[in-house]
Number of protein chains: 2
Amino acid sequence: MVTMKEIAKQAGVSVSTVSLVLNNRDEGRVRDTVANQVRAIASQLGYQSNPLASSLRTGRTHMLGFISEDVATTPYAGGIILGAQTAARQLGYMLIVVSTEGPQNEAQEIEALKRYGTDGFLYAKMSNRITNVPEALKDMPLVLVDATDEAGIIPSVEPDEFHIGYDATKRLIASGCERIAYVGAEDPIIAERGRLDGYRAALAETGRTFDEHLVVHVGNNEPALDAVNTLFDSACPDGFFCFNDARAWYVYECAARRGLTIGRDISVVGVDNHRVFADTLVPQLTTVELPHFEMGYWAATKLVSMIEESSLADMEWPDTTAPLPPLNAPVPAAIHCALIEKDSVRQ
Amino acid sequence: MVTMKEIAKQAGVSVSTVSLVLNNRDEGRVRDTVANQVRAIASQLGYQSNPLASSLRTGRTHMLGFISEDVATTPYAGGIILGAQTAARQLGYMLIVVSTEGPQNEAQEIEALKRYGTDGFLYAKMSNRITNVPEALKDMPLVLVDATDEAGIIPSVEPDEFHIGYDATKRLIASGCERIAYVGAEDPIIAERGRLDGYRAALAETGRTFDEHLVVHVGNNEPALDAVNTLFDSACPDGFFCFNDARAWYVYECAARRGLTIGRDISVVGVDNHRVFADTLVPQLTTVELPHFEMGYWAATKLVSMIEESSLADMEWPDTTAPLPPLNAPVPAAIHCALIEKDSVRQ
DNA sequence: ATGAAAGCGCTAACAC
DNA sequence: GTGTTAGCGCTTTCAT
């Protein structure tokens, strides 16, 4: 492994000079000819800085911790992680993902990450739950991903549920549906509220009146199927906006029983859950994908900006209303939802 | 952050002594009374070693790299990662997971991990594919997970496909099935061969003759459904061993069309893919789960043993034939497959 | 049995 | 402008 010492020797200068040059702190401190020579030798030798060694002096490891208990269970975690990792890499950071099981294990893992000197933390809780943030994280740079803290004080990146509902409903309207149902979730989770509002807004905007008979809130269980069955019979919808693919599944099942074909007799839009449905089994099912990659990407970007205390002004922050532009990874065409960034009073 | 220096000061000894004691290298070198006092002060002060600082001297960071391109796309990745992380933590290591996209990105990520001084690598490729191991990994301690290298030289941990097929088929036999079909995969992937062999072995063992009309190899697509349809009509199976849940799905669909109920008229065992089927939608579907957690766990254990060059003799290596005992995480009851560890000539 | 000293690779004051 | 010096926290000879 090639060190600054070697470069210094070859260039006939001191290590300090090499350090200055390689950290781009040489403006007006090191002669250009010397600086260039150092750079030349460095690249020729294939010099790679040793981040661990510098961390000893600077107190910055350029490592970010990513904490979540859903990594092992949720397929989405991958998208968020990939986004966060992409941003981290671009900014010169290393992302360390840790999946936890229960509070005491979580504390232990955070402890371990702190020992390794991570500069800050991403704390993710899939599907935007209100979250008790672990004490051990509160004194560190911290950004929540797909989660909200009780007090609403910590910076977070969340999907814009309103736009998801709005967009999905508008699509159904655009495809000619007259009686659009909303098959929502049972629990009063954050997403539910926003999506319903978006659904109503889209209806209102196109001069339709909200009809509560077209709305059901179901769990992920047996009674759900009955409820959707009843919905079919009592309200005769021709379009369905479903909270997720699992809910969309019930619609599919009920339609099949009635000999209705999705995409011809009725239209269905679901928000992604287990994408396998839409991908392989029910290709007629349209999904609105949650911007997992983007959430991770922006959360990591925000975190680094906090760590480096650079002003947020020069961050290209995502437009909260417009569809996101593709970042560096390919973004599925179906993404039509935006991010909101609930900025906070810094503690 | 409390350092050895502080402990040394409080104990009235030198840092070297503290280092000796805290690394358990004090046998016959440090007086017991002193050693005990040092330990007492250390724990009282809540001393935590700084792994980065020691790495500077020892060249060991106690960090393991986990490389895979499937993290973002496959739900299984989580299980493997969790297993690897659990083992790493127990052995005093930190797991750094990196998901890659394409070979050049992969090389870049490996490069980054090396700069951070990872002691060794886990290289995962879900569903046991034959793999070209990146050059950059070949000079490092390396264990493959759910993958095999072309030359069969690198240590790997893979599911025992034979036992999966054998076990699944035996279950169908035990539940009274007479005509057991195998709905396999189309591609000649490693798993396919082993599972088919297991299927045949189970049949042979119970005095049944192998009937090739009961076997189909299908993709994950439209024609698959037709093939399974034909299988139903031509061979009249009463039991199905399916390569994965997606294949099991076709069976479910065909059964539904014929008014057959799974669990009563026919029996189905699938190997897990998208577990959602068995969990929520088709509860009658029995799944054999792949030992993702265990694979990650043992792979990390093996890797550490290589890094520390401890003899493999004193490792509790898993029995390759018996069902795995539960490790530290809860293991689903459905696990009935074993791990094989293809040990290799060290380069 | 213990401590002094050197050094891992790098950064940061401070001389000159 | 550049080199010298000191030191981050820890390990490791090598004296004593």
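Note that the structure is predicted; figures quoted are calculated from it, not measured. Basis for what follows: all heavy atoms, side chains included, without hydrogens, waters or symmetry-related copies. By convention in this document, chain letters (A, B, ...) are assigned in the order of the sequence lines, proteins followed by strands, and residues within each chain are numbered from 1.
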TODO: Could you tell me whether A:Gly59 contacts a base, only the sugar-phosphate backbone, or nothing, with contacts defined as non-hydrogen atoms closer than 4.0 Å?
DONE: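 No contact.
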TODO: Could you check whether A:Gly117 gets within reach of a base, just the sugar-phosphate, or nothing at all, counting any heavy atom under 4.0 Å?
DONE: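 It contacts nothing in the nucleic acid.
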Open item on the list: Give me the atom names and distance for the closest heavy-atom approach of A:Val143 to A:Met306.
Closed with: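 Looking at all heavy atoms of both residues, the shortest contact is CG2-SD, 3.7 Å.
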Open item on the list: Testing the basics here: between A:Lys5 and A:Val15, what is the closest heavy-atom pair and its distance to 0.1 Å?
Closed with: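 Smallest heavy-atom distance, with atoms named: CA-CG2, 4.3 Å.
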Measure [atom1]/[X] against [atom2]/[N] and give the value in whole Å, please.
X	N	atom1	atom2	value
B:Asp26	D:dT11	CG	C1'	15 Å
A:Arg29	C:dA15	CZ	C1'	13 Å
A:Arg60	D:dG9	CZ	P	15 Å
B:Asn24	D:dT12	CG	P	14 Å

Task: N or O in side chain of A:Thr17 less than 4.0 angstrom from D:dG3 OP1/OP2 - done: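 Affirmative; the distance criterion is met.
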Open item on the list: Is it the case that the side chains of B:Gln44 and B:Gln10 hold a donor-acceptor pair, with the cut-off being a distance below 3.5 Å and no angle test?
Closed with: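 No donor-acceptor contact under 3.5 Å links the two side chains.
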- [ ] Taking only Lys NZ, Arg NE, NH1 and NH2, and the carboxylate oxygens of Asp or Glu, determine whether A:Arg89 and B:Glu109 approach each other closer than 4.0 Å.
- [x]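 A salt bridge is present here (some side-chain N lies under 4.0 Å from a carboxylate O).
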Open item on the list: For B:Lys138, is there an ion pair with B:Glu135 - N to carboxylate O distance below 4.0 angstrom?
Closed with: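 Looking at B:Glu135 and B:Lys138, the cut-off is met.
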Open item on the list: Walk along nucleotides 5-11 of chain C from 5' to 3' and tag each nucleotide B, S or - by protein heavy-atom contact under 4.0 Å, base first, then sugar-phosphate.
Closed with: BBBBBSB
Open item on the list: Run the ring-ring contact (aromatic ring centres under 6.0 Å, His included) test against B:Tyr93 and tell me which residues pass, sequence neighbours left out.
Closed with: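 Here the qualifying residues are B:His62.
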